[in-house]
Amino acid sequence: DTAVSQTPKYLVTQMGNDKSIKCEQNLGHDTMYWYKQDSKKFLKIMFSYNNKELIINETVPNRFSPKSPDKAHLNLHINSLELGDSAVYFCASSQGSGANPYEQYFGPGTRLTVT
Amino acid sequence: LAKTTQPISMDSYEGQEVNITCSHNNIATNDYITWYQQFPSQGPRFIIQGYKTKVTNEVASLFIPADRKSSTLSLPRVSLSDTAVYYCLVGDMYNNNDMRFGAGTRLTVKP
């Protein structure tokens, strides 16, 4: 069974569109994350979220918003897509408070291409 | 968060032991050292974590000297499938779950 899954794997869309990427984890973890890996392969955290707290990286534009329907899911919504949003987006999870937050389990990534 | 410095790339051959060193001169007292591995077109994978001295698991060993200003990830007898990017991260995981990935070290294992 896949621990952290993301859909879609590839997403090609035009500037100005709104899109969503879905993430699901079946590990029973309490905390989930979204990361962005750009063309230079730098991996940057965008959000961390558990049922109590959303922590937003201050550099993330407010066009990006995480939505969590339940503990096992953290979807990423992106409004008014821009060319610079093209990247690979990774979802990850960790056990949560009291456990090691640096031991995270990553999904396979979603390659977003904005044309 | 402590800044980390790693070699950009390394080459090795199958069967050799590979040591990747990470410098973190301004590591704080509560900081832990964590290493991740990322294969092409996959998400990063947690390898090992330590605070001081030596940690070993089924995948790798992590050596941390007494001053903790550097750490060395040791991969025994690498194979072609160990070709990946290896990231060193340093942070206070009990007060900050914000992991900061650097550029990593691209390890290429040759036959």
Q. Given the options B/V85, B/L89, B/T34, which has more heavy-atom pairs under 4.5 Å with chain A than any of the others?
A. B/T34

Q: For the residue pair B/Y87 and B/F101, categorise the inter-ring angle as parallel (less than 30°), tilted (30 to 60°) or perpendicular (more than 60°).
A: perpendicular

Q) Charged N to carboxylate O under 4.0 angstrom, B/D31 versus B/R68? A) no

Q: Please look at A/Q37 and chain B and tell me whether the side chain, the backbone, both or neither of the residue comes under 4.5 angstrom of a heavy atom of that chain.
A: side chain

Q. Taking all non-hydrogen atoms of both residues, which atom of A/Y33 and which atom of A/S48 are closest, and how far apart?
A. CD2-CB, 3.4 Å

Q: Would you please classify the geometry between the A/H29 ring and the A/Y105 ring as parallel, tilted or perpendicular, with 30° and 60° separating the classes?
A: tilted

Q.
Please classify the contact between A/K44 and chain B as side chain, backbone, both or neither, with a heavy-atom cut-off of under 4.5 Å.
A. neither

Q) Which residue out of B/R45, B/Q42, B/Q49 racks up the most heavy-atom pairs below 4.5 Å with chain A? A) B/Q49

